[in-house]
Student: 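I have a structure here, written as structure tokens, and I will follow up with some questions on it.
Per chain, numbering begins at 1; letters A, B, ... match sequence-line order.
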Amino acid sequence: MAATLTARVRRHVCDLHLSIDTARAPVTVLFGPSGAGKTTLLRCLAGLDRPEPGSHIQFGDHLWDAPRVHVPTRRRRVGYLFQDHALFPHLPVAGNVGYGLHRMPRRQRPERIRQALAAADAAHLHDRPTRGLSGGEAQRVALARALAPRPQLLLLDEPLSALDTPTRTRLRGDLRRLLLATGVPTIVVTHDRTEALTLGDHIAVVIDGRLHQHGPVDTVFNRPATAAVAAVVGVDTILTGHVTGHHDDLTHIDVAGHVLHATPHRDLNPGDRTLVCIRADDIALELPGPPRPASPRNQLPAVVTAVHPDGPVLRVSLDAGITLTAYVTRPTGEHLDLQTGRQVTAAIKATAVHLIAHPAVERPH
Amino acid sequence: MAATLTARVRRHVCDLHLSIDTARAPVTVLFGPSGAGKTTLLRCLAGLDRPEPGSHIQFGDHLWDAPRVHVPTRRRRVGYLFQDHALFPHLPVAGNVGYGLHRMPRRQRPERIRQALAAADAAHLHDRPTRGLSGGEAQRVALARALAPRPQLLLLDEPLSALDTPTRTRLRGDLRRLLLATGVPTIVVTHDRTEALTLGDHIAVVIDGRLHQHGPVDTVFNRPATAAVAAVVGVDTILTGHVTGHHDDLTHIDVAGHVLHATPHRDLNPGDRTLVCIRADDIALELPGPPRPASPRNQLPAVVTAVHPDGPVLRVSLDAGITLTAYVTRPTGEHLDLQTGRQVTAAIKATAVHLIAHPAVERPH
Amino acid sequence: MDWQAIGVSVRLAGLTTLILLPLAVPVAAWLALSRRRIAVLLEAVVALPLVLPPTVLGFYVLTALGTASPLGRWWQQTTGATLAFTFSGLLVASVLSSLPFAVQPLVAAFAGLDRRLLEASAVLGRTRAGTLLRVALPLSKAGLATAAVLTFAHTVGEFGVVLMVGGNIPGATRTVSIAIYDSVQAFDYATAARTSAAMLVFSLLVLTTLYSLRRGRRTRWPRP
Amino acid sequence: MDWQAIGVSVRLAGLTTLILLPLAVPVAAWLALSRRRIAVLLEAVVALPLVLPPTVLGFYVLTALGTASPLGRWWQQTTGATLAFTFSGLLVASVLSSLPFAVQPLVAAFAGLDRRLLEASAVLGRTRAGTLLRVALPLSKAGLATAAVLTFAHTVGEFGVVLMVGGNIPGATRTVSIAIYDSVQAFDYATAARTSAAMLVFSLLVLTTLYSLRRGRRTRWPRP
Amino acid sequence: GCGGGAPAAPAGAQVVRVAAAADLKFALEEVAAVLAKADPPVRLQTTYGSSGTFFQQISNGAPFDVFLSADLSYPTRLAEAGRAAPDDVFAYAVGRLVVWVPNGSPVDVSKGLTALADPAVGKVAIANPEHAPYGRAAVAAMRSAGVYDRVESRLVLGENVAQAAEFAASGNAGASVIALSLALAPQLADRGRHEEVPLPSFPRLDQGGVVLAGTADRAAAVRLREFLTGEQGTAILKRYGFYLPGA
Ligand SMILES: Nc1ncnc2c1ncn2[C@@H]1O[C@H](COP(=O)(O)OP(=O)(O)OP(=O)(O)O)[C@@H](O)[C@H]1O
Ligand SMILES: Nc1ncnc2c1ncn2[C@@H]1O[C@H](COP(=O)(O)OP(=O)(O)OP(=O)(O)O)[C@@H](O)[C@H]1O
Ligand code: MOO
Ligand SMILES: [Mg+2]
Ligand SMILES: [Mg+2]
């Protein structure tokens, strides 16, 4: 069912240009801050909002939106999990999930309903009335409802946001397997980095109604194209510096008087201004000692300024002349006896130092 | 404004007994799987659902629910952020936030509205109509609306679930500071461990309508009282073993033929069955080598069976005779060259091995 | 007491309601949910039978049914009988005069629907007709009940139109409202009072039953 | 054409609507949102004026207002005039007979409200009255408009009650519906048609304006 | 014009509020026209309807000055109830009954009531005998003509006699038994044919009026009574199809 989705969507709050080769990227994650226009994009794709003149949506051979073309929602055969679920309150759970199965022979529907509910980890809700479902239950039923008719394009607006971690983790894996098995091209909105990494092939970052970057998840997370993307995908340290030169297959940058080494960036010349992005989880902390010629090429002596638990890890703020943020696991934290004022060495591999050229034209978010 | 909240809430879906000393725990996190009864509990506290006979709710000096006592919602002066926001669609954002300020002199309301919106990171939405708000925007407005009247008890049902990570992180810190500054006792429902850790003082774990554990956040996360709690708070490795004896101030457990050391557990006698809980972030991975007499008392040779990115860390599945799950940061992962089949040593401090007695009576979740 | 007249009234009101509701649902849906500007105008047109005095409405219906009108002539040639002064004629007139009572509450109910649910239905591949039947209507039960009640009750109480078109024929077109009126005019206040009482009790029963039925899932004040 | 009668009708319908709506809102809210079982019965009682033939209703109102009744005598002693056959008397009768038209659509609208919003209002410390005014009512605009339209239109078209209680006094109680009826009775079809047409046009204008006003934020079919 | 009927009267004219039986509709229009030009002018403010309805209203204090009923019993009973002085009841005309069929009807109306016996006539419209004097008269006349049994099932009842006329005029009823005064009215005269029912075949329709006790301008009301029972008035009533009382 692989097809290419090409969409140019203009509306007062956004102007997006997106092209997804669903063979290469069966699951695209839509990522971006609250209010960026993610839901708006999905609604336009579903035909619920009519994009403004100049827009153009094509899915495979089907032209959905163009000047004087507007295929009605029901003919697009998309599955849509609404951010606020929008379950039919008068139908029981099974009735909601079976609602879109009117084209299917009646005998086969119960089986399909059960499959869809099972896929959404909601099999136990089959006979429940819809009113009274808890938030997470409603979300799973809404997911089952979107999956049941096997749409040709699946739009999921934060499908797992209301779920507890164990359920979410389980469902995430199941969902990914199901999407790949059925081959339904999917666009998933999520705010969760783990979800983006585990569910998506490609990621599209939308900020302030514009598509800022689009590509494989890894690339976007590790090589954000703009400072705004870097902030959104959770790059914790973003510094401004300028290139001092290229040596030893490395680019050297001066940041507030400290020299950092990065893998070479061919667009940068000595003297150029550049943004330096370092993810917290790419900074390793070690006990202070003489510099070792190991692979992490940057070794900065630093002082711990704060330690906060952050999910499974500790978030450590450091002053190394420049301000850095690092994640360490708890055993490491205990091993290093991390506490405010402690002297450590922050080790950063050159490959983990990501440069963004021309920061002067970037609009910081 | 410190007061004690004592609630015994019985309803067909739950039977909960909760007692919060809001002086010791200004912010209590309500944690539990989807459908556990968290929203039901909040609704009963707010007086929106009437608990069944045998229930009893008292807040400070005020008896709210008891046989033939039921203080109406509006007199309880609680702030409630509904899981589905429930903003008034006909009022603009400012109108929503100011809705509960009718007891305040009219002149002071605009200022209070602005403060509340700012506290919820939604100052820019002040003049917006409510219809058309994005999911995350609506959530922040709902938070502002709940904060604005400075209630005597704040009930927040997943206040940050629809937000992107940077916004959420920022708001989390601000919210915690605000709650402590204003001293409003708060109960927060969340599915997010980080949120529980950073927002809450105490945590109450609700599973299947029962309160399973209640105590300081650290204690509950590190020392889950039951297997069900362990699963819910994200203990990744739960093994069954039996106590072989106590030596060297340690309790020794046999798990499938492997001996593990744990800090002593006085209720356990040799031969007792026990559950062994180990958090993934308490397992450190090292290159294989001779056992070192360092503080991690358990050193298990293991083979890597899978490596998955999981948020800021890598989730590593290990076969050490017993199945273990460990988190490592990415630099560590690269340093160890983690890949399937790789030989490593899993180091686990005895203090990180948590024993739960009498697993036979535990109902696994 | 004129039991026959009560029977005629109940039959007339019941049939009018049965005929009007299926007719009113699509009309109301179109009026409420259409994006066309003309819907506003047509909504006003549908409300017009309300404004015309019933007797005048009745008079125009009478004229339309009479031999002087093409419609009346056609009916007479086809069926060999006049439509006026028959139960069928009364039914036609009642349907016309009760139209706004059936349509208006439904329009209000449909207009108040949650648009996300209509959107969800469209996404799941349903046509407007399907959505109307499976989502809009079940969620507008209160409006439907109101439409049914108003139609039924208004037909039972209808006087002017029936007076003009019915001709007061016992067992066919003498409705209970006409019968009571006649009793009053004949100074037979006792019978008038008794018939009124019987009708009130009957109507109260019907209405209470109907209202109880729709009461299940309704919104209520938050406790207490 | 009887402009005076048109004036009387418009005044009567306008005042009836103005009096009834503020009355109907709390009544409807109670009927729709109360948890008491008796609400069902009372809702049926409120609907009763619909079932009584207007002339009969008119007759009973006449009797109640007349000099033979204590109420009528009290009014006469207090004000020195009879209530029957005056514009005020007509107003009383109209308010009574239009009650269901004002209450029913509001009940339907209130019953369809999103309960979470009522709960949100309660949590924010508002009383039921406050919630009614600030949440229920603004969200029931469609129902309110329907109530206003039905009340206004029904009063304009009302015939039987006015006939009995009004006494057809030009400038005071001769409404346009009576005037048209008189023209018809006098076989003066031309005048009847002209007056009807004038009234239709006027009503169409009023209704269209009202409906346009409420159209802003309504639910529509999903595109297209 | 509309029911109000009275031509515009000069300022300061005496006004008389009249409740009149439906059969008087056309005759009273002319009476009003004449009185409006009298010196001093009298303006009639007339309401037409069924005599029974007016009786109810006047019993409850309806503000009329003069009630012109289609029979004598209503005015008499009003006087008995104290709504008028017994002396103020007067007879002003005797109603005449006709069989009326629309133009183009195959019914041979010249045979009078017996023509109605033929089922081919279809529905026969009369005023409601329960409360309209003309309805009672029509039933009595049909009984004495011996056709009532064969007509009864085809009767349709108008609320008053004018409505009965309309049933036939609109072509919905095949024939009607109505007041001659209506059949002679210009609006009906050229739309059908009529045949009078012999006066002796039904109880006399003595039409009575009454000057009501609560009248605001008794002098004017009395002038109307004088006019109707006087030379000019009786001439008009006669022209519009009434016999005169005592004739
Ligand atoms: N109908 C509308 N009228 C006005 N503004 C609108 C409308 N719909 C959306 N917006 C605005 O457009 C912006 C984008 O909204 P959208 O719902 O697409 O955001 P989002 O990316 O889905 O955010 P979230 O993650 O919070 O759900 C928001 O600022 C929103 O308030
Ligand atoms: N009115 C009701 N009728 C029937 N069942 C109900 C009702 N309200 C809640 N429940 C059920 O009670 C259970 C607890 O619901 P609740 O909303 O309290 O869950 P929750 O802990 O808030 O879950 P979530 O995290 O998914 O929001 C759920 O299984 C829910 O379906
Ligand atoms: O004029 Mo009458 O009172 O209908 O017979
Ligand atoms: Mg969104
Ligand atoms: Mg919940």
Student: With side chains defined as the heavy atoms from C-beta onward, is the minimum distance between B/F88 and D/P138 less than 4.5 Å?
Tutor: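 Result no, sub-4.5 Å side-chain heavy-atom pair not found.
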Student: For the residue pair B/P89 and D/L139, what are the closest heavy atoms and their distance?
Tutor: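 For B/P89 and D/L139, the tightest heavy-atom pair comes out as CG-CD2, 3.7 Å.
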Student: Tell me if the CZ atom of B/R75 is crowded by more than 12 foreign heavy atoms within 6.0 Å.
Tutor: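 Counting neighbours around CZ of B/R75, 12 or fewer heavy atoms of other residues, nucleotides or ligands fall under 6.0 Å, so no.
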Student: Given 3.5 Å as the limit, does a donor-acceptor pair link the side chain of B/H90 with the main chain of D/R134, or not?
Tutor: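 Such a contact is found between B/H90 side chain and D/R134 backbone.
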Student: What part of B/R43 lies closer than 4.5 angstrom to a heavy atom of chain D: side chain, backbone, both or neither?
Tutor: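 B/R43 touches chain D through side-chain heavy atoms alone.
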Student: Please look at B/Y80 and chain D and tell me whether the side chain, the backbone, both or neither of the residue comes under 4.5 angstrom of a heavy atom of that chain.
Tutor: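 For B/Y80, heavy atoms of backbone and side chain both lie under 4.5 Å from chain D.
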Student: How long is the straight-line distance from CZ of B/R74 back to CZ of D/R126, given to the nearest 0.5 Å?
Tutor: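 D/R126 atom CZ to B/R74 atom CZ measures 12.0 Å (nearest 0.5 Å).
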Student: Please state whether the side chain, the backbone, both or neither of B/R103 comes within less than 4.5 Å of a heavy atom of chain D.
Tutor: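 It is the side chain, since no backbone atom gets that close.
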Student: Please walk me through it: do B/F82 and D/E119 pass side-chain contact (heavy atoms from CB on, under 4.5 Å)?
Tutor: CA-CA 10 Å; B/F82 291 86; D/E119 292 178 350; 4.0 Å; yes
Student: With a 3.5 Å distance limit and no angle check, can you tell me whether B/H102 reaches the backbone of D/G125 through a side-chain donor-acceptor pair?
Tutor: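 At least one qualifying donor-acceptor pair exists.
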Student: Given side-chain contact (heavy atoms from CB on, under 4.5 Å), test D/R116 with B/D84 step by step and report yes or no.
Tutor: CA-CA 9 Å; D/R116 299 173 311 138; B/D84 46 9; 3.0 Å; yes
Student: If every non-hydrogen atom of B/Y99 is compared with every non-hydrogen atom of D/G130, which pair is closest and at what distance?
Tutor: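 In terms of heavy atoms, the two residues are closest at OH-O, 4.2 Å.
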Student: Relative to chain D, which segment of B/L87 carries a heavy atom at a distance below 4.5 Å: side chain, backbone, both, or neither?
Tutor: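 Just the backbone, heavy atoms under 4.5 Å.
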Student: So which heavy atom on B/A86 is nearest to which on D/A120, and how close?
Tutor: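 Here B/A86 and D/A120 meet closest at O-CB, 3.9 Å.
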Student: What are the two closest non-hydrogen atoms of D/L124 and B/P149, and how far apart are they?
Tutor: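 Smallest heavy-atom distance, with atoms named: CD2-CG, 4.0 Å.
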